[in-house]
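What follows is a set of notes on a single structure, which appears directly below.
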2 protein chains.
Amino acid sequence: MAEKLDDLDARILNLMQDDARIPLVDLADKVASSRSAVWRRIQKLEEAGVIKKHTVLLDAEKAGLGVLVFAQVKMQAHSRDSLPNFIERVRNFPEVIECHTLMGDIDFILKVRVPSIQAYEDFFWNQLSQIEGVREINSSIALTAVKDTTRLNISAQS
Amino acid sequence: MAEKLDDLDARILNLMQDDARIPLVDLADKVASSRSAVWRRIQKLEEAGVIKKHTVLLDAEKAGLGVLVFAQVKMQAHSRDSLPNFIERVRNFPEVIECHTLMGDIDFILKVRVPSIQAYEDFFWNQLSQIEGVREINSSIALTAVKDTTRLNISAQS
DNA sequence: TATGAAAAGGGGTTGCT
DNA sequence: AGCAACCCCTTTTCATA
């Protein structure tokens, strides 16, 4: 599928994001189409990788990972060689939920979930700050989650 | 369920996060337990809200939302009254995927997904910066996603 | 009371029109 | 592209320890 998403695709995706277990019949009803049509669309969307995975979202607090920290990491100016290593390490830390390269004066932003502030301290000193080429880490503890979703509001493309 | 998660819960949750559609039989096999036992655990975990929702994760690029921006927002010092309004507005922007209150000198961090930089500019000027009480916004465009998951690595509690 | 087995119902999948 | 039959998997119920 190099093709763009049409309106039917968009509506299917939005509904599936809200509840991935919605029965095919209900889904077809809501998008005013037939079971077969909708089913085939979903197949296409999964083959094309538009739908990446089916998962469950957990309550971090109830799952024992109540502390969320955003860590902004700056690398040493002339340590381009240490980047692959940094990336590899970060990918293998289960505490790191996300890591994005940023434009501007910060190099990386990391979203980290741990059981406690104590646990973050351990992670910070023994893992993150020990990676070669790391110059500066600015850790911000998140207080309230005003909004925390994964939902992308899809609309038909051109 | 005020009770803590045991090892069986943890293994079920980790597997379901990897693939929410795993058949109950396979799940039972992998955690070395019976269908019934595993099924009842899942019910409990959903009732208790440990499992918050079943969803699909989309490829943002392929879904036409290829631009990711982290916006750090500072509010005016003496505008505590405008916070509820800010929160309400942010929750209703579909572009804003996440918004967390932070300790330290930044008040909020927002994760925003839009189709293009142009679209972000529109969102920035016409929506975000117009909210009452907003003093300063620092927008960072994300380049590469080094890691982008929702997976919490669960282990048994105390 | 908790666990396992087996029956029944619902829904996803496929082939045919 | 739509329809219907099939089959698998979830869900419930019952029996047992």
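Letters A, B, ... mirror the listed sequences (proteins, then strands); counts begin at 1.
A:Ser34 has no side-chain polar atom (N or O) that falls below the 4.0 Å cut-off from OP1 or OP2 of D:dA1.
B:Arg40 comes within 4.0 angstrom of a base, heavy atoms only.
Between the CD atom of A:Gln43 and the P atom of C:dG15 there is a distance of 13 Å, given to the nearest Å. In this structure, CZ of B:Arg21 is placed 15 Å from C1' of D:dT10, rounded to the nearest angstrom. Atom CZ in A:Arg35 sits roughly 19 Å away from atom P in C:dG15 (whole-Å rounding). Put simply, NE2 on B:His54 is 15 Å from P on C:dG11, counting in whole angstrom units. Between the C1' atom of D:dT11 and the CG atom of B:Leu27 lies a distance of 15 Å, rounded to the nearest Å.
B:Ala60 approaches B:Arg113 most closely through the heavy-atom pair CB-NH1, 3.5 Å.
Ring orientation note: the planes of A:His100 and B:Phe70 are tilted relative to one another, at an angle of 30° to 60°.
Side-chain atoms of B:Met75 and B:Ser82, non-hydrogen and from C-beta on, do get closer than 4.5 Å to each other.
For A:Trp39, the side-chain atoms get nearest to C:dT14 when compared with the rest of C:dA5, C:dT14, D:dT11. In the set C:dA5, C:dT13, D:dT12, C:dT13 carries the atom at the smallest distance from any side-chain atom of A:Leu24.
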Practice problem: Could you check A:Ile42 against A:Met16 for side-chain contact (heavy atoms from CB on, under 4.5 Å), going step by step and ending with a plain yes or no? | Solution: CA-CA 10 Å; A:Ile42 296 172; A:Met16 288 185 76; 4.0 Å; yes

